[in-house]
Chemist: 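This is the structure, below, for whatever I ask next.
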There are 2 protein chains.
Amino acid sequence: MAKIRMSDVAAAAGVSTATVSMVLNGGSNSRISAETQRRVREAAEAIGYAPNSVARSLRTRKTHMVGLVSDSIATTPFAGRMLAGANDVARDHGYLVVLVDTEDDPALERQAVQALTGQQVDALIYARMWHRVVPAPAGLPARTVFLDCCPQDGSWPAVVPDEREGGLAAVRELLAAGHRRIAYVDADETEDVIASRLRHEGYLQALGEAGITPDPALHVRGETVASGGRAAADALLDLPADRRPTAVFCFNDRMAMGAYTAAHRRGLDVPGDLSIVGYDDQQLVAAELDPPLTTVALPHYEMGRWAMEVALDLRAADAAAPVLMPCPIIRRGSVGPPPHPVAD
Amino acid sequence: MAKIRMSDVAAAAGVSTATVSMVLNGGSNSRISAETQRRVREAAEAIGYAPNSVARSLRTRKTHMVGLVSDSIATTPFAGRMLAGANDVARDHGYLVVLVDTEDDPALERQAVQALTGQQVDALIYARMWHRVVPAPAGLPARTVFLDCCPQDGSWPAVVPDEREGGLAAVRELLAAGHRRIAYVDADETEDVIASRLRHEGYLQALGEAGITPDPALHVRGETVASGGRAAADALLDLPADRRPTAVFCFNDRMAMGAYTAAHRRGLDVPGDLSIVGYDDQQLVAAELDPPLTTVALPHYEMGRWAMEVALDLRAADAAAPVLMPCPIIRRGSVGPPPHPVAD
DNA sequence: ATGAAAGCGCTAACAC
DNA sequence: GTGTTAGCGCTTTCAT
C-alpha cells in the first residue's frame, strides 16, 4: 500500500498534474472538459488516490486545522460540551481541531501555543473551564478567540456565560412560584469569584424587581460541593420559623444536592416544604436527583460553537467586549409554591 | 509580523539554510562548530524565527500528530479522562492530538478517518465511550489502536477495562466486610451488554470463592439511572427479612445513588443497615454522596495513556487479544459490617 | 482546454 | 565544518 501521489493519477489518466488538481479541487465548474474530468476521476478512484493535505497546506498556506488550548479537558464535565460545540462547527466546515491540554501550567501553555502556531493552524481558541479574566499568553496568532474567559488586555474576541442573567432567571422562577423569602447559597469567597459575584447580582436584582429587601441572613456561603451546600442549607433551616426561607437558590448543582440532603434529613419535602434551584445543569446531578432539579444551564456547547464560528470567520465578533451567552433556566421538579401563604 | 523563514535566519547568521537546519535540529552533538552554532541560535532568536512544521512534515513524512476519532466526547464524563491520558503522553513526546467526534455516525466516521489520514497523522486512535466490540471502519492507517472497544476482526491492538476483575473486587470487598447475602443490581438486559455480563461473572466468581450459592432473587435489574437503581433496591428491600440482602453491588454509581435513596427513604442507614458498592467512580456522584460511595473505578485515563503509548510505538502491543486494564476499587464510606451476624 | 514550470519551507545526501 | 542541490506533493500562474 505505497502512497499514491497526484502524479500517479495524472499518468493513469494521461494528463498533467495541473489538470488533475483542477478537476479534483475545482468543482464541476472548472474549465476542464467533461470528458477529461471523467477520466481523471475514474483514474483517481481506480488507483485509490487520497490527497496529501500536508503538501497542499504548504502550498496554500491554509491547514484547515484550528488549535484549541484548554486548561483542563478532563477535570470538568463541561469541557466536553465546549469541545463538542467547537468540533461540530469545525467538522461542518471541513476543519479539524487540534487539542492541547495545558493543565493550567504556563510553561506547557507557551509550549502548546508554539507547537500549534508552528503547525500553522488557521486559528486558535484559548479556553478555560471556569469563567475568568486571564492574562493573554504570548505568541497568540492573529486569529485567536477566548472561550469562557476574557483576556485582561482586551482586543480579542471572547465569549462567557451571562451569569448575572442566569441568577436573575433563577430567582424570578422562585418569585413566580410565590416565594418571598428566598435564600442564596453562595460559593466560598475564595472560589469562582466572578460567577459568584455575578449570580449574586442577578439574585439581588430579581429581589429588587419584586420589591423585596434582601435579608442578609439569607445570603450564606459554603464550599462548592454537596457537603458545603448541606451545611449552608442546615444553617438556613435552623433559622426561626418566621425568618426561614421557603426557597433557596444554590450557586451550583452540587450544593443544591447538599440542600436536598439537608431538607430530607429533617423530613422536609422538596418542593413541598422547600423549593430549590441550582446552577450548571450537570446531567449527572441535576437530572438524577429526586425530584429532578430545576436549574440554570451553563451554555458550554453554544459557547464552543460561537468560538469556532468566529475562529473560522463565519461570524463577526467585536473584540472590544466579551459576548455574554444566555444561561437558560431548565425547569424540572424542584420548584413549587411556598408551603403556606407568606408575608414579608 | 511577516512570516520568518529559515533562509532569513541563514542570511542573518551568514550561513546556509542547511547549517541552520543542522544546528536547530541536530542537538548539541552536531558537527557544526560551536561558534557557528552560537551565531545561528542568536540570529534565530533575534529575528524571532519559528519553524514551519508543515514544511518539515512534508519533507520528513512525519507530522507528529496523532488522530483520535471518538463517538462522543461530550456525552460522557469519561471521555475527558481518556483524552487526558492520551494527551499527556502525546505532549510528553512532542505529539499533538487531532480530535474528531463522529457522534456515532458511520458517514462522519469515514469522513473523519479520511481527513485524518489525508492530514498524514502518524497514528490513529479509534475510541468508543462504552466497552464494545465494533466493526473496524475502512481505511484505517497501519498504525491504529482501539480504545475502549475491540475490533470485530482482530488484528489491531486494543485496550478495554477488566470489568470481570472489577466485579470480583467489588464483591470481595463486601465479602471481606462479613457479608454473605450480597445482591447485584444489574443493568437492563438491553444496555451495556458486555460490561453487565462481565461484572456479573465477577460477582458470581467472588461468591463462588466464598462458598456461597448465588440466590437468583438477589440478581435484579433496572434502568442504569438513579431511578432504576432505586426501584431495584426497593424490590430487594421488600424481600422478607431472612432473604433480604445486607449489601448490594450496583452496576454503576448512578444506580447506587438510587439505592441510597431507597435505603434512606425507609430509614435505613448506609452502611449501618445496608452496604453499597458502585461502579464507574464518577466523581460527581460517588464522591458527593453521603456517605461517599465505595466503588470500582473505570481506568479511562490509563487506557488513554496506553493507547497513545502503543500509537507512538513506546510500548509493544499484541494485536491478537485486547489488553485488559485493571479496575481498582476505590474505598470510601459505603461499606461496613452487616447489621447483625448472618448465617447463609 | 491543457501543460510546463516555479515554488511553498524545510531536510538530507552528497560535495568540497 | 559548511554549502549545494534535489526534492517532499501539491497549487497556480503563465504559456500554448
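Each chain gets a letter, A, B and so on, in the order the sequences are listed, and its residues count up from 1. Quick caveat: nothing in here was measured; it's all calculated off a predicted structure.
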Chemist: Tell me every residue that passes side-chain hydrogen bond (donor to acceptor under 3.5 Å, both in side chains) with B:Q111, counting only those two or more places apart in sequence or in another chain.
Modeler: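 Counting only residues at least two positions away or on another chain, B:Q111 forms no side-chain hydrogen bond (donor to acceptor under 3.5 Å, both in side chains).
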Chemist: Using a cut-off of 4.0 Å on non-hydrogen atoms, how would the nucleic acid contact of A:V54 be classed: base, sugar-phosphate, or nothing?
Modeler: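 Contact class for A:V54: none.
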Chemist: Sequence neighbours excluded and cut-off under 3.5 Å, please list the side-chain donor-acceptor pairs for residues 309-322 of chain B, or say none.
Modeler:
from	atom 1	to	atom 2	distance (Å)
B:E309	OE1	B:R315	NE	2.8
B:E309	OE1	B:R315	NH2	2.8
B:D318	OD1	B:A320	N	3.0

Chemist: Please determine whether the number of non-hydrogen atoms from other residues, nucleotides or ligands lying under 6.0 Å from atom CZ of A:R110 exceeds 12.
Modeler: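 It does not: A:R110 CZ has 12 such atoms or fewer within range.
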Chemist: Give every donor-acceptor pair under 3.5 Å between a side-chain atom in residues 80-90 of chain A and any protein atom, sequence neighbours left out.
Modeler:
from	atom 1	to	atom 2	distance (Å)
A:D88	OD1	A:R91	NH2	2.8
A:D88	OD2	A:Y301	OH	2.6

Chemist: How many whole angstroms separate atom CZ of A:R5 from atom C1' of D:dG9?
Modeler: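 Taking CZ of A:R5 and C1' of D:dG9, I get 8 Å after rounding.
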Chemist: Working to the nearest 0.5 angstrom, can you tell me the gap between A:S57 OG and A:D122 CG?
Modeler: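 Atom-to-atom, A:S57:OG and A:D122:CG are 7.5 Å apart.
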Chemist: Kindly list each side-chain donor-acceptor pair under 3.5 angstrom involving residues 146-157 of chain B, sequence neighbours excluded, with atom names and distances?
Modeler:
from	atom 1	to	atom 2	distance (Å)
B:S155	OG	B:D153	O	3.2

Chemist: State, to the nearest 10°, the angle formed by the axis through the first five base pairs of the helix from C:dA1-D:dT16 to C:dC16-D:dG1 and the axis through its last five.
Modeler: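 For the helix from C:dA1-D:dT16 to C:dC16-D:dG1, the axes at either end differ by 40°.
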Chemist: Of all nucleotides in DNA chain C that come within under 4.0 Å of a heavy atom of chain A, which is furthest toward the 5' end and which toward the 3' end?
Modeler: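 The protein-touched segment is C:dA1 to C:dG9.
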Chemist: Which of these nucleotides, D:dG1, D:dC8, D:dT4, is closest to any side-chain atom of B:S16?
Modeler: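 That would be D:dT4.
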Chemist: Do B:M129 and B:S72 make a side-chain contact, defined as non-hydrogen atoms from C-beta onward lying under 4.5 Å apart?
Modeler: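 Touching, per the 4.5 Å side-chain cut-off.
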Chemist: If you round to the nearest 0.5 Å, how far is CD1 of A:I125 from CG of A:L116?
Modeler: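 Separation between the atoms: 10.5 Å.
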Chemist: Under a 4.0 Å N-O cut-off, is there an ion pair linking A:R305 with A:E302?
Modeler: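 Looking at A:R305 and A:E302, the cut-off is not met.
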Chemist: Which sits closer to the 5' end of DNA chain D, B:L58 or B:S33, going by the nucleotide each is nearest to?
Modeler: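 The answer here is B:S33.
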Chemist: Would you mind listing every salt bridge (charged side-chain N to carboxylate O under 4.0 Å, His left out) that reaches into residues 65-80 of chain A, with sequence neighbours excluded?
Modeler: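 Found A:D71-A:R128, A:D71-A:R132.
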Chemist: Would you please name every residue forming a salt bridge (Lys or Arg N to Asp or Glu O under 4.0 Å) with A:D8, sequence neighbours left out?
Modeler: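 Residues passing salt bridge (Lys or Arg N to Asp or Glu O under 4.0 Å) with A:D8: A:R5.
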Chemist: With sequence neighbours left out, what residues match A:T76 under side-chain hydrogen bond (donor to acceptor under 3.5 Å, both in side chains)?
Modeler: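 Counting only residues at least two positions away or on another chain, A:T76 forms no side-chain hydrogen bond (donor to acceptor under 3.5 Å, both in side chains).
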Chemist: Can you tell me which residue pairs pass the salt bridge (charged side-chain N to carboxylate O under 4.0 Å, His left out) test with a partner in residues 44-69 of chain A, sequence neighbours excluded?
Modeler: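 For residues 44-69 of chain A, and leaving out neighbouring residues, there are no salt bridge (charged side-chain N to carboxylate O under 4.0 Å, His left out) pairs at all.
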Chemist: At a heavy-atom distance below 4.0 Å, what parts of residues 113-121 of chain B sit against DNA chain C?
Modeler: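 None, since no heavy atom is under 4.0 Å.
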Chemist: Need one value for B:S57: base, sugar-phosphate or nothing, where a base atom within 4.0 Å counts as base even if backbone is also close, heavy atoms only.
Modeler: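 The answer is nothing, as B:S57 stays clear of every strand by at least 4.0 Å.
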Chemist: Which nucleotides of nucleotides 11-16 of chain D have their base under 4.0 Å from a protein heavy atom (B), which only their sugar-phosphate (S), and which neither (-), written as one string 5' to 3'?
Modeler: BB-B--
